[in-house]
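Start at 1 and go down the list; that is how both ligands and their atoms are numbered. Counting from 1, the numbers follow the sequence of the chain as shown.
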Amino acid sequence: MSTAIDYARYDRVRPIRWAGDALELLDQRKLPFAVEYVRCADSAAVAEAIANLTVRGAPAIGIAAGWGTVLAARDVQATDGAAALEQLQPALQALNASRPTAVNLAWALARMRKVLTTAGADWRESLLCEAQVIADEDLAANRRMGELGAALIEPGSGVLTHCNTGSLATAGFGTALGVIRAGVAQGRIGRVFAGETRPWLQGARLTVWELQQDGIDATLIADSAAAHLMKTGAVQWVIVGADRICANGDSANKIGTYSLAIAARHHGVKVMVVAPSSTVDMQTTSGEAIEIEQRDPGELFGIGGVRTVAEGIHAWNPVFDVTPGELIDAIVSERGVIERPDRAAMQTMFAGH
Ligand code: MRU
């Protein structure tokens with residue numbers, strides 16, 4: 001079995017481009033039928049793009065927020081980083097408030113803040129450099145996680161993924177989708193299934209399109225077909241990403257992940273959560289403390305702009321849920337693999353994080 005991964009072949013999409021004077025974001029609201037970049041010339045535009053899902057996925061919104069900070073700095077006159085930080089506070093707060101659940105957003109902004117606290121007159125260059133390092137580290141982490149996660153998969157396995165955790169959601173290669181890319185490249189994964197991911201359809205609109213760009217065949221299923229699929233024996237692993245992993249291993253991810261984990265345990269299918277250490281939040285002790293984003297109930301009232309629900313109906317639209325650590329078989333980060341995560345194992349791997 002070959003273990004080398006041809007990244008030029010298995011990683012063709014880039015959602016975030018720094019243009020020197022603006023941030024260009026691949027508009028994920030329009031995929032798969034239009035491949036268009038939105039130009040954000042200031043930090044308010046970046047915050048808006050995060051809130052309206054032009055850019056989405058936990059690592060990607062952290063990276064975008066880093067570049068948003070660089071854009072905000074263009075309006076600041078200061079002689080050192082500490083003075084700049086004071087002036088940047090409103091922009092940093094607006095970026096931080098753009099989405100609540102993924103901790104990568106606050107994590108990236110904390111890194112940008114930290115750089116400023118020690119920077120001198122060259123604080124602008126330091127900010128620029130940090131934004132680029134955040135992106136570069138994410139790509140490197142994804143490639144490492146791809147290798148670590150794929151090594152857990154028996155040759156010939158079928159896998160099911162949820163939402164979009166690929167290049168589109170990161171600096172490149174992806175988290176859970178990176179493991180799937182690596183597993184396919186190494187001949188370990190025989191079949192890939194992707195859930196539609198109602199209501200925003202990240203699986204149907206983004207994941208299967210992204211895999212198609214790499215020539216990876218994926219089979220789309222309705223979210224509600226997942227338990228039935230598991231019962232057929234066609235999948236051995238559910239492989240998903242995360243928006244926040246707590247100190248006890250509880251993991252927030254796209255709504256529907258928790259149902260998948262329950263169904264997986266019932267059918268003897270294993271669950272792998274793949275996320276960089278930037279998604280780990282050791283300050284949040286358990287999943288109950290995670291803020292779950294509620295989005296416009298209107299997302300449930302139609303598809304592609306066509307209303308499918310009678311007028312006057314109420315809807316509830318939480319877009320994340322929390323999978324308890326005890327339903328997770330492996331958490332894969334760039335630091336290593338935690339099998340059957342619990343507080344002690346998390347503390348050992350992420351002490352001081
Ligand atoms: O609402 P989204 O599309 O931003 O939700 C994304 C997810 O839930 C992903 O699984 C998670 O952010 C990990 S992306 C590598």
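Note on Asp281 versus Arg244: salt bridge recorded, some NZ/NE/NH1/NH2 to OD/OE distance being below 4.0 Å.
Judged by distance alone, the side chains of Ser251 and Asn253 never bring a donor and an acceptor atom under 3.5 Å apart. Defined by atom type and a distance below 3.5 Å, a donor-acceptor pair is present between the side-chain atoms of Ser278 and Asn104. Side-chain contact, Arg56 with Gln28: a donor N or O sits under 3.5 Å from an acceptor N or O.
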Solution key, residues 90-97 side-chain donor-acceptor pairs under 3.5 Å, sequence neighbours excluded:
none

Extract all N/O-N/O pairs under 3.5 Å that connect ligand 1 to the protein, and present each with both atom names and the distance rounded to 0.1 Å.
unit_1	atom_1	unit_2	atom_2	d
ligand 1	1 (O)	Arg99	NH1	3.3
ligand 1	1 (O)	Arg99	NH2	2.8
ligand 1	1 (O)	Lys254	NZ	2.7
ligand 1	3 (O)	Arg56	NE	2.5
ligand 1	3 (O)	Arg56	NH2	3.4
ligand 1	3 (O)	Gln202	NE2	2.9
ligand 1	4 (O)	Gly57	N	3.0
ligand 1	4 (O)	Arg99	NH1	2.7
ligand 1	8 (O)	Asp243	OD1	2.9
ligand 1	8 (O)	Asn253	OD1	3.2
ligand 1	8 (O)	Lys254	N	3.2
ligand 1	10 (O)	Asn253	OD1	2.6
ligand 1	12 (O)	Ala58	N	2.9
ligand 1	12 (O)	Asp243	OD1	3.1
ligand 1	12 (O)	Asp243	OD2	3.1

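Looking only at distances, a side-chain donor or acceptor of Arg265 sits under 3.5 Å from a matching main-chain atom of Glu326.
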